[in-house]
Protein chains: 2
Amino acid sequence: MSAPLIDKYRKMASFDWKKLKAVVEGEEHVRLKAEVVAKMKSEPIFHRDYRVLSREEQREVVHQRWKKIVEWGLFKDPYSDLENFKALTETLEAYDQGTSARLFLHGNVFGAAVKSMGTERHKELVEKIENNEIVGAFCLTEIGHGSNTAEVQTTATFDDGQLVFNCPSIGAIKCWAGNLSHSATHVVVYAQLHVGGKNEGLHGFVIQVRCPKTFQTFPGITIGDMGSKPGCWQGVENGWMEFKNHRAPLSALLNKGCDITPDGKYVTSFKSASEKQSVSLGTLSVGRLGIIAKGMMACTFASTIAIRYSVARRQFGPEKGAENEIPVLEYPLQQYRLFPYLSAAICIRIFQKTKCYRFVEKFTEYMMRVMVGEKSEELSEFSKEVHALSSGAKPVATWLGVESLGEARKACGGHGFLHMSRLNTLRDDNDPSQTFEGENFMILQQTSNILLGKVASIGLINTPMSTMTFLNSKPSKFSSWTSDPVNDALSAYRYLTYHLLQTTSSEANKLKQSGKNSFEVRNEIQVHRAVNLSIAYTEHTMIDWVQKFVEDVEDVTLKGVLQKVLNLFSLFLLERHLATLYITGYASGGKFGEELREKLRKAVADVKPESMALVDSIAPDDFILNSALGASDGKAYDHIMEEFRKYTNEQPRWVCDLAQFLQKRSQSSKL
Amino acid sequence: MSAPLIDKYRKMASFDWKKLKAVVEGEEHVRLKAEVVAKMKSEPIFHRDYRVLSREEQREVVHQRWKKIVEWGLFKDPYSDLENFKALTETLEAYDQGTSARLFLHGNVFGAAVKSMGTERHKELVEKIENNEIVGAFCLTEIGHGSNTAEVQTTATFDDGQLVFNCPSIGAIKCWAGNLSHSATHVVVYAQLHVGGKNEGLHGFVIQVRCPKTFQTFPGITIGDMGSKPGCWQGVENGWMEFKNHRAPLSALLNKGCDITPDGKYVTSFKSASEKQSVSLGTLSVGRLGIIAKGMMACTFASTIAIRYSVARRQFGPEKGAENEIPVLEYPLQQYRLFPYLSAAICIRIFQKTKCYRFVEKFTEYMMRVMVGEKSEELSEFSKEVHALSSGAKPVATWLGVESLGEARKACGGHGFLHMSRLNTLRDDNDPSQTFEGENFMILQQTSNILLGKVASIGLINTPMSTMTFLNSKPSKFSSWTSDPVNDALSAYRYLTYHLLQTTSSEANKLKQSGKNSFEVRNEIQVHRAVNLSIAYTEHTMIDWVQKFVEDVEDVTLKGVLQKVLNLFSLFLLERHLATLYITGYASGGKFGEELREKLRKAVADVKPESMALVDSIAPDDFILNSALGASDGKAYDHIMEEFRKYTNEQPRWVCDLAQFLQKRSQSSKL
């Protein structure tokens with residue numbers, strides 16, 4: 001039985017949320033996810049409550065859950081079974097990112113690295129990886145080097161038919177490797193390869209680090225944990241590893257395209273260092289897609305929990321008396337704070353995952369072509385475009401995600417801060433998505449660099465996914481609003497992107513002419529310019545793709561609802577560029593901005609009657625959601641009190657000490 | 001011995017940080033804080049490390065620390081000894097907000113409520129409070145009511161010479177009361193007073209809830225804990241309390257200005273319900289000042305940790321090779337992300353605490369006049385102005401604080417996410433400051449309501465602190481930039497505030513004329529209008545007061561440095577209003593915005609050489625700071641590795657289970 005009030009809000013909607021879910025996620029995906037959830041619900045090890053576990057407890061439980069999933073055989077390779085891969089991924093990511101990390105770091109990061117950089121001689125190892133007979137970790141980052149991977153300091157030196165690994169300084173110690181602290185038997189490690197006194201550059205190696213029986217580390221290897229971390233990451237054993245003359249066989253080298261002969265000669269088929277590096281680090285970009293999804297999931301959680309709670313929470317009203325208080329969802333400001341993230345949850349999913357314009361599929365296609373060794377002009381363009389877009393979408397999505405959780409927490413007031421709301425824990429869980437695979441501002445540079453590289457060919461730009469073709473012609477300034485806010489927003493974005501590209505490029509030229517080197521130039525054009533350029537390009541593409549998806553929806557009712565969602569998403573994002581729109585000269589005069597804000601407020605209001613059903617269409621199962629505030633029955637206070645009552649009359653041992661202390665003070669005051 | 005690199009940055013500064021600290025904080029304050037720190041360092045119970053404690057452990061340690069501080073007799077009443085009060089407050093708040101909460105909730109919230117609402121008959125109790133013979137909690141908030149205090153549902157009914165307390169529903173259960181779950185012997189509780197069948201409205205009562213020896217609750221009272229919470233608040237025993245026919249003596253009523261005669265007649269000297277409520281809830285506003293300081297401390301921590309770490313962290317460079325990598329502080333984007341919060345840490349402190357324009361003193365003066373019962377037109381104006389400003393400054397400061405910690409965490413990359421960086425823990429610690437004493441957007445309404453009330457008297461506005469007098473004349477539009485960015489910013493803010501006041505007011509009138517009631521009108525003018533109005537007014541006052549402070553600084557060097565800091569703070573805040581400045585017509589054309597951003601980038605660059613010494617001038621002692629990344633010696637990596645090594649070769653018990661599992665999988669694959 002749901003609370004009457006939440007049902008009232010559900011009935012306001014013009015559509016059936018199950019139908020919308022099927023259209024947005026695909027029926028197959030919805031069904032497969034439900035199967036995974038049902039499996040998890042049936043196993044005690046996946047039991048949910050609101051306890052905070054210690055580092056030790058959390059890791060043990062992650063280990064047990066990982067075992068269960070391995071036993072179930074649910075884990076699939078995205079390249080052979082994308083649908084099942086997506087269903088498991090999304091369910092686990094929503095359940096606990098720590099558990100999913102344990103699986104994916106082994107299979108999709110460590111395993112993928114061995115597969116893509118290894119050769120026939122690593123075949124037996126690959127089988128063991130796929131059969132989970134060993135546990136792998138991926139060791140690239142060092143204490144002193146993250147983004148600048150080319151400069152990692154660990155060395156692998158050819159010596160007497162073997163490879164000798166060393167960390168020449170504190171900064172060269174490997175760190176942040178998940179699965180490493182306690183579990184990994186094997187690792188992929190990146191090191192500078194020295195052969196015959198010459199540094200041949202960064203290479204990947206796979207080595208065994210622990211005895212699979214005793215789990216003792218091998219000679220020359222010290223492994224430890226990185227201590228506590230916030231949120232679910234406490235359950236992930238991120239480790240550090242120091243090498244001191246660790247000797248490994250020559251076969252450790254992941255030798256696709258390069259090798260060392262037994263007599264110590266380095267041979268390579270790569271034409272350049274950068275070509276080698278692109279194979280060696282290419283596997284990293286796959287992860288970026290998963291991180292965009294983390295942003296989407298964060299928006300999903302934030303809006304589900306906060307919007308449902310905003311109906312249970314009643315506060316103030318037109319007349320005095322508690323019976324006249326209205327649900328806080330009725331407040332335009334509350335709607336303005338929450339609905340944009342609801343629209344983001346839906347639109348990022350469509351952008352990234354949904355049929356017809358699915359970025360994940362495009363990306364998978366690209367990776368498969370790379371993996372089979374294709375080399376062509378078109379693939380190289382595809383590569384750049386995929387890279388530009390994923391480097392832009394990852395920051396945009398993860399920033400929105402973390403922001404949404406913060407806003408939702410505040411919009412839920414004090415109770416939002418309770419652990420059982422899950423909002424702050426989720427915020428901690430999602431916080432690192434902003435720095436995974438490169439700090440967001442850092443990887444945004446990759447988008448702007450690619451765009452800036454296109455300036456010379458304006459008029460001739462023709463990329464495989466057509467995300468940059470609009471740059472060929474100079475977009476026109478604002479003339480008037482039409483009845484379609486999405487087209488209006490897209491026009492503004494095209495102008496904005498075009499002009500930011502021009503001004504950023506001319507600023508770069510000016511700096512070059514003034515004698516700055518290219519490193520300085522790149523650094524000095526970031527603030528207000530290259531950063532905004534990358535964001536504008538990305539958001540334009542997102543809105544554009546979602547619009548194309550909505551156009552193709554056949555059901556008129558659902559199309560209408562999605563149109564409202566996209567109207568809000570487009571205007572919400574565009575409003576953030578309002579100052580820059582004025583600066584770039586898209587419009588002048590106060591009226592333009594005032595009207596944009598009016599339209600935004602209207603778009604928020606239009607979503608209101610649909611909001612509760614929209615939430616139902618995106619909300620994970622209550623078991624996965626695990627929030628006392630956000631349960632689908634709308635009975636937040638009952639759930640809160642049910643949990644509160646578990647802590648009735650607690651008397652910690654130190655209460656005796658307190659009683660004695662108070663008595664002593666009372667006695668001494670009477671003296 | 002500090003790291004050579006951090007020393008190099010220290011030497012870039014044009015000034016002596018100790019002199020600046022003395023000017024900004026006052027020599028006495030600096031000395032008193034150092035004394036508190038020295039005392040704490042000498043006591044093992046205040047020992048620091050990076051362990052994460054469980055809920056139980058954290059509460060026990062807070063209890064022990066609280067006992068020590070009580071024994072030291074360090075806790076002072078702000079009205080009798082403001083300097084010592086400030087020194088202890090600030091030190092404890094920076095050390096652990098959980099420990100300070102335990103002290104202040106008893107003394108400054110529970111105690112202050114008894115003092116301000118009680119009479120002669122509560123004198124003995126007040127002595128016990130001051131002597132810490134009892135522990136108090138403050139019970140206002142209920143499960144279903146926070147901000148709308150007038151509607152709290154707990155009842156106190158006169159019956160046969162006693163008061164009978166009840167919670168008529170789940171929503172009426174008291175909650176969020178700090179010190180309540182385990183420790184409180186007494187509470188101040190707010191309830192609707194029913195006498196002879198009539199509800200006389202909200203009143204405050206003080207009752208004993210537990211036996212001081214056994215700590216068992218009294219009949220009719222159930223108390224429990226609210227479960228886990230993020231950050232340091234895990235260590236605070238926020239409790240809930242349910243009444244079922246709890247009987248208390250009549251003397252429980254805090255009877256200043258009202259009473260019940262023994263034969264059951266309610267008498268009052270208050271003229272109106274609102275007058276009564278203003279006495280009854282007046283004590284709450286004191287807390288707001290403390291919360292502004294939390295925002296300032298958050299900015300202080302964020303900039304100290306991130307700026308120091310940005311010198312230790314080297315990444316990329318104009319040439320390849322790790323030896324050519326430059327400290328990330330050299331990147332203009334990194335500076336742009338961090339320096340504004342450094343300026344905020346300094347400017348909010350000056351606004352709030354420093355001699356000459358100290359808001360805390362003005363506020364204390366106001367509270368003392370209220371407490372002695374003064375009633376005058378001028379005091380009423382003072383009250384409104386204090387209220388408008390504190391209701392604006394609390395959101396502005398706490399939003400900046402939480403934002404600064406998030407930005408600092410990201411700017412520190414992955415290592416910023418380690419628990420030992422303290423950035424995410426601090427973020428969790430400070431998160432609730434945004435909803436304490438009313439959600440930020442909620443209390444911003446109090447500022448805009450007061451400002452909107454002034455529209456009718458434009459031309460005659462004359463408030464005691466002169467923060468609104470500029471509204472008397474219509475400010476002029478932008479004409480040109482001067483050489484003084486602060487004056488330029490103040491002019492823009494005056495225009496902005498004036499115009500937002502006018503447009504918000506006329507929007508409200510339009511809505512009224514269209515038939516909306518005042519409740520609807522107030523709700524509908526918030527987004528983009530009343531909210532921005534409150535923020536603009538507050539930021540104008542902050543900048544104005546800091547400017548006046550800087551003008552009075554005698555030392556030319558220090559004045560110059562503070563001018564740079566204020567330039568940045570002013571332009572940073574103003575830039576956020578750029579779109580609204582265009583909309584309100586302050587300027588038109590792209591050039592204005594482009595120039596504002598240019599000036600902002602320049603202001604950031606100007607702070608760079610001073611930044612490390614500025615950090616030293618605000619940084620808490622390393623013992624208080626407790627961050628591996630932010631230690632004053634600049635040796636972040638040494639501290640990180642020192643901590644890492646504590647977790648070398650950990651073998652959790654479940655590793656045996658893992659070894660068996662892998663073996664089983666290996667065997668079954670061979671079958």
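Lettering follows sequence order; numbering is per chain, from 1.
No part of Leu596(A) comes within reach of chain B, as not one of its non-hydrogen atoms sits under 4.5 angstrom from that chain. In this structure, chain A has a heavy atom under 4.5 Å from the side chain of Phe519(B), while its backbone stays farther away. In this structure, chain B has heavy atoms under 4.5 Å from both the backbone and the side chain of Arg597(A). Residue contact with chain A, scored on non-hydrogen atoms closer than 4.5 Å, involves the backbone and the side chain of Tyr582(B) alike. Only the backbone of Pro212(A) comes within less than 4.5 Å of a heavy atom of chain B; no side-chain atom from C-beta onward does. Heavy atoms of Glu127(A) lying under 4.5 Å from chain B are absent altogether. Contacts of Arg59(B) with chain A are made by both backbone and side-chain atoms, with heavy-atom separations under 4.5 Å. Both the backbone and the side chain of Ser147(A) come within contact range of chain B, each with at least one heavy atom under 4.5 Å from a heavy atom of that chain. Both the backbone and the side chain of Phe215(A) come within less than 4.5 Å of a heavy atom in chain B. Using a 4.5 Å cut-off between heavy atoms, Met226(B) contacts chain A through both its backbone and its side chain. Of the atoms belonging to Gln663(A), it is side-chain heavy atoms, and not backbone ones, that fall under 4.5 Å from chain B. Contacts between Glu242(A) and chain B at a heavy-atom distance below 4.5 Å involve the side chain alone, from C-beta outward. Interface remark: Leu600(B) contributes side-chain atoms only to the contact with chain A (heavy atom separation under 4.5 Å). In this structure, no portion of His577(B) lies under 4.5 Å from any heavy atom of chain A. Contact of Thr217(A) with chain B is made through the side chain alone, with heavy-atom distances under 4.5 Å. With a threshold of 4.5 angstrom between heavy atoms, Glu319(A) does not approach chain B through any atom at all. Residue Gln153(B) touches chain A through its side chain alone, counting heavy-atom pairs closer than 4.5 Å. With a 4.5 angstrom heavy-atom cutoff, Trp654(B) touches chain A via backbone and side-chain atoms both. Interface remark: His63(B) contributes side-chain atoms only to the contact with chain A (heavy atom separation under 4.5 Å). When heavy atoms are compared at a cutoff of 4.5 Å, Arg576(A) does not approach chain B at all. Val402(A) does not touch chain B: none of its heavy atoms, backbone or side chain, sits under 4.5 Å away. Heavy-atom distances place no part of Leu581(B) under 4.5 Å from chain A, backbone and side chain included. With a 4.5 Å cut-off on non-hydrogen atoms, Leu423(A) does not touch chain B at all. Looking at Cys175(B), the atoms closer than 4.5 Å to chain A (heavy atoms on both sides) all sit in the side chain, from C-beta outward. Residue Glu325(A) touches chain B through its side chain alone, counting heavy-atom pairs closer than 4.5 Å. Residue Lys320(B) touches chain A through both its backbone and its side chain, counting heavy-atom pairs closer than 4.5 Å.
Here the closest non-hydrogen pair linking Ile143(A) and Arg313(B) is O-NH1, 2.9 Å. In plain terms, the two heavy atoms of Glu133(A) and Ser669(B) that are nearest each other are OE2-OG, 3.0 Å. Considering every non-hydrogen atom in both Trp233(A) and Asn238(A), the closest pair reads O-OD1, 4.4 Å.
Heavy-atom pairs under 4.5 Å with chain B were tallied for Glu594(A), Gln526(A), Gln660(A), Glu56(A); the largest tally goes to Glu594(A). Of all the listed residues (Ser228(A), Gly593(A), Gly589(A)), the one sharing the greatest number of non-hydrogen pairs under 4.5 Å with chain B is Ser228(A). Residue with the most contacts toward chain A among Lys591(B), Met420(B), Met442(B): Met442(B) (heavy-atom pairs, distance under 4.5 Å). Ranking Asn424(B), Val655(B), Thr580(B) against chain A, the residue ahead of the rest is Asn424(B), based on heavy-atom pairs under 4.5 Å. By number of non-hydrogen pairs under 4.5 angstrom with chain A, the leading residue of Pro230(B), Ser588(B), Ala659(B) is Pro230(B). In terms of non-hydrogen atom pairs under 4.5 Å with chain A, the most contact-rich of Val604(B), Val52(B), Asn131(B), Leu578(B) is Asn131(B). Contact count against chain B (heavy-atom pairs under 4.5 Å) is highest for Tyr331(A) among Tyr50(A), Tyr331(A), Trp66(A). For chain B, the option among Gly438(A), Gly585(A), Gly321(A) with the highest count of heavy-atom pairs below 4.5 Å is Gly321(A). Options Val152(B), Thr222(B), Asp428(B) differ in how many heavy-atom pairs under 4.5 Å they form with chain A, and the most are formed by Asp428(B). The most heavy-atom pairs under 4.5 Å with chain A, out of Gln234(B), Arg314(B), His145(B), Arg409(B), come from Arg409(B). When each of Phe436(A), Phe592(A), Tyr637(A) is scored by its heavy-atom pairs under 4.5 Å with chain B, the top score falls to Tyr637(A). Note: Ala579(A) leads Ser181(A), Gly224(A), Ala579(A) in heavy-atom pairs under 4.5 Å with chain B.
The pair Arg337(B)-Glu439(A) meets the salt-bridge criterion, with a side-chain N (NZ, NE, NH1 or NH2) lying under 4.0 Å from an Asp/Glu carboxylate O. Of the charged side-chain nitrogens involved, none lies within less than 4.0 Å of a carboxylate oxygen, so that Arg55(B) and Glu237(B) do not count as a salt-bridged pair. Electrostatic pairing of Glu60(B) and Arg653(A) counts as a salt bridge here, judged by a charged N lying under 4.0 Å from a carboxylate O. The pair Lys229(A)-Asp431(A) does not count as a salt bridge, with every side-chain nitrogen at least 4.0 angstrom from each carboxylate oxygen. We find that Arg645(B) and Asp225(A) are not joined by a salt bridge, their nearest charged nitrogen and carboxylate oxygen being 4.0 Å or further apart.
Between His528(B) and Tyr336(A), the ring centre distance stays below 6.0 Å.
Within 6.0 Å of atom CD in Glu323(B), more than 12 heavy atoms from other residues, nucleotides or ligands are found, so the atom counts as buried in its surroundings. The number of heavy-atom neighbours closer than 6.0 Å to NZ of Lys410(A), taken from other residues, nucleotides and ligands shown, is above 12. No more than 12 heavy atoms of other residues, nucleotides or ligands lie within 6.0 Å of NZ in Lys664(B), so this atom counts as exposed by the packing criterion.
With rounding to the nearest 0.5 angstrom, the CG atom of Asn517(A) is 9.0 Å from the CZ atom of Arg522(A). Residue Asn649(B) holds its CG atom at 7.5 Å from CZ of Arg210(A), rounded to the nearest 0.5 Å. Between the CD atom of Gln434(B) and the CZ atom of Phe417(A) there is a distance of 10.0 Å, given to the nearest 0.5 Å.
A donor-acceptor pair under 3.5 Å is formed between the side chain of Gln651(A) and the backbone N or O of Thr214(B). A donor-acceptor pair is defined here as one N or O able to donate and one able to accept, closer than 3.5 Å; such a pair exists between the side chain of Arg529(B) and the backbone of Val527(B). In this structure a side-chain-to-backbone donor-acceptor pair under 3.5 Å is missing from Ser666(A) to Leu662(A).
Relative ring orientation between His415(A) and Trp176(B) is described as parallel, the plane-to-plane angle staying below 30° on a 0-90° scale split at 30° and 60°.
The shortest side-chain heavy-atom distance between Glu151(A) and Asn148(A) falls under the 4.5 Å cut-off. Taking 4.5 Å as the limit, every side-chain heavy atom of Thr435(B) sits out of range of all side-chain heavy atoms of Asn440(B).
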